[in-house]
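Everything numeric in this text was worked out from a predicted model, so none of it was measured.
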Amino acid sequence: MLRINGLGCGYYDRQVLWDINLEVPPKEIMGIIGPNGSGKTTLLRAVSRLLKPKQGSIHLDGKDIWQMKYRELAKRVAVVSQGLPEETLTVEEFVLLGRIPHFEGLQFLETNHDFEVAEGCMALTDVLRLKDRPIGQISGGERQLALIARALTQEPALLLLDEPTTYLDIAHQVGMLDLIKRLNRKLGLTVLMVLHDLNLASEYCDKVALLSNGKIYKQGRPEEVLNYKVIEDVYKTVVVVQKNPVSKKPYILLVSEEEKRKKK
Amino acid sequence: MRKRIIYWVVWIFVLTGLLLATALFSLYIGSVGMSLNKILRVILEGKGTLEYSILFDIRLPRIILGFAIGGSLSLIGVILQGMFRNPLVEPYTLGISGGAAIGVCLNIVFRLNRALGILSLPVCGFLGALCVVVLVYSLSVKKGVLKIQGLLLTGVMISFISSSLIMLIMAVSRTEDLHGIVFWIMGSLEEPNNALILISLCASIAGLILSYLFCIDLNALALGEEEAMHLGINVERSKRLLFIIASVLTGFSVSVAGIIGFVGLVVPHFVRVVVGRDHRILLVSSFLGGAAFLILCDTLARTIIAPVELPVGVITGLMGGSAFVYVLTRKQMLLKAK
């Protein structure tokens with residue numbers, strides 16, 4: 001589905017990513033994890049074509065994304081970025097903007113099909129009941145859902161998410177990732193997302209790629225990547241990794257400095 | 001969702017009705033009083049009478065020019081406010097009017113209009129405006145990307161520089177030229193040349209049609225440039241073309257009618273309150289609203305203390321400004337009451 005070959009990129013003269021090789025197979029959930037400043041968001045920006053690669057290339061189904069037309073790319077890839085919309089648009093108007101890539105040359109109005117798609121996506125993300133509310137007046141969690149509804153309205157094959165759980169409490173975090181998993185299973189959506197929380201990444205991703213200083217430190221299934229040695233090496237902090245008794249996935253426990261000293 | 005389209009069509013009808021009513025009112029009122037019956041009779045009688053030439057040679061051209069200029073200015077306001085995502089931007093923010101003013105001032109000071117005819121005034125204005133457009137544009141493009149914030153800052157700075165230059169020109173110019181400069185800067189819809197009026201009309205309508213091709217892009221740009229890119233908009237191309245449309249149209253308006261403030265700032269805000277933020281309706285209704293507003297203001301300007309004629313900018317500023325403050329404070333009170 002998505003293949004990144006020897007990607008190097010950055011901003012102006014500051015290189016952020018070096019030699020990234022990554023493949024996201026279709027219908028998989030791939031998590032990008034790593035410490036602050038390791039280049040997670042930059043990688044996502046490169047994939048969503050906001051940043052031009054300095055070296056290497058990014059191919060989507062065998063096609064270089066920089067060779068594709070803007071609309072063509074937007075029909076295949078949808079992005080849910082960080083930061084919540086502060087518009088006075090209603091939720092429905094906002095979600096309908098996701099149909100823009102499907103507009104024909106001189107089409108100005110949405111067709112009935114566009115409305116149906118938008119309504120279906122709002123139902124799927126449970127924001128249909130809010131469709132006439134201004135988007136600036138609903139809660140952060142609901143706004144995040146509206147963002148996802150808009151992305152789904154693009155009918156993409158690949159969904160990119162930048163920390164979709166940032167503004168949410170634990171129940172909403174789980175709800176959000178359950179939703180993403182459901183979309184992945186039901187619609188066959190391929191997902192590439194940046195996650196901060198290692199436990200969530202371990203629980204929900206089929207594969208994870210751990211970034212460190214702009215390079216991929218290790219990638220693979222969560223069980224392969226998330227062990228205490230790797231994490232301590234990348235994050236420079238002491239952790240304990242155990243197995244979640246229910247899901248058998250690794251989960252990471254933190255140890256405070258005081259406790260560490262007591263142990264010694 | 002047919003509801004929304006019906007709502008839009010209704011508003012277009014309402015605004016068109018308003019525009020026609022204002023135009024008729026403007027045709028009807030003036031220093032020579034004419035009842036509606038009389039107007040009808042004059043029209044039926046045809047050419048030749050004094051009343052006929054008052055109606056069709058004096059009042060009608062002003063109405064048409066008011067339509068073109070008012071429509072253009074408020075259309076430019078919508079485009080720029082949408083592009084910059086900044087509600088305070090107006091047609092004159094980018095310094096284009098300053099360029100036009102310098103062109104006209106130089107023309108007057110060097111007496112080019114006496115040598116080359118009165119038409120050289122708008123031509124010089126337009127050339128001045130174009131110079132500024134090219135300057136602002138080339139200063140704001142970095143590595144092939146048009147930096148919107150840079151565009152705004154450069155524009156504001158060029159406005160300041162050009163107003164200083166105008167003051168300089170005024171300080172060293174002869175008294176009799178001073179009057180011409182001040183008169184031009186104040187802005188007026190009086191334009192004896194019918195060809196220019198026709199050109200302005202065509203330019204304004206062309207501006208409306210061209211910018212309408214970008215209404216979807218403007219809707220997406222309201223979410224921010226990166227979000228618009230995610231939605232498949234060729235943001236660089238849209239920004240450039242919208243900037244060019246807006247600035248050329250500003251150049252046209254300013255060189256024909258001078259600097260008429262407030263239309264491009266206030267009308268889009270009012271219209272946005274009424275019809276919403278969707279550019280598919282906002283562009284058209286702002287054009288209609290701006291046209292009606294300027295025709296009304298011009299009618300008041302020439303009748304309020306007739307036979308003396310006030311500069312139309314005085315009326316647009318007073319009316320637009322006070323109505324705007326009133327609506328804004330009322331809105332805040334309503335919000336508090338909620």
Checklist entry - Tell me, side chain or backbone of Glu110(A) under 4.5 Å from chain B's heavy atoms, or both, or neither? => result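 For Glu110(A), the contact with chain B is made by backbone and side chain together.
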Item to check | Arg45(A) portion near chain B, given a 4.5 angstrom heavy-atom threshold | outcome: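 For Arg45(A), the side chain is the part near chain B, not the backbone.
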Checklist entry - Think Arg71(A) forms a cation-pi with Phe103(A), using NZ or CZ under 6.0 Å from the six-ring centre and within 45 degrees of its axis? => result no
Next on the checklist: Contact between Arg272(B) and His269(B) at the side-chain level, heavy atoms closer than 4.5 Å - yes or no?
Outcome noted: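 They are in contact (side-chain heavy atoms under 4.5 Å apart), so the answer is yes.
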Next on the checklist: Out of Leu160(A), Leu109(A), Leu73(A), return the one with the most heavy atom pairs under 4.5 angstrom to chain B.
Outcome noted: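 So the answer, after comparing Leu160(A), Leu109(A), Leu73(A), is Leu109(A).
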Next on the checklist: Looking only at the aromatic ring of each residue, does the gap between the centers of Tyr92(B) and Phe262(B) stay below 6.0 angstrom?
Outcome noted: no
Item to check | Under 3.5 Å: donor-acceptor pair, side chain of Ser286(B), backbone of Ser74(B) | outcome: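 Side chain of Ser286(B) to backbone of Ser74(B), a donor-acceptor pair under 3.5 Å: no, none is there.
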Checklist entry - So which of Leu223(B), Asp217(B), Asn219(B), Val235(B) has the largest heavy-atom pair count under 4.5 angstrom toward chain A? => result Leu223(B)
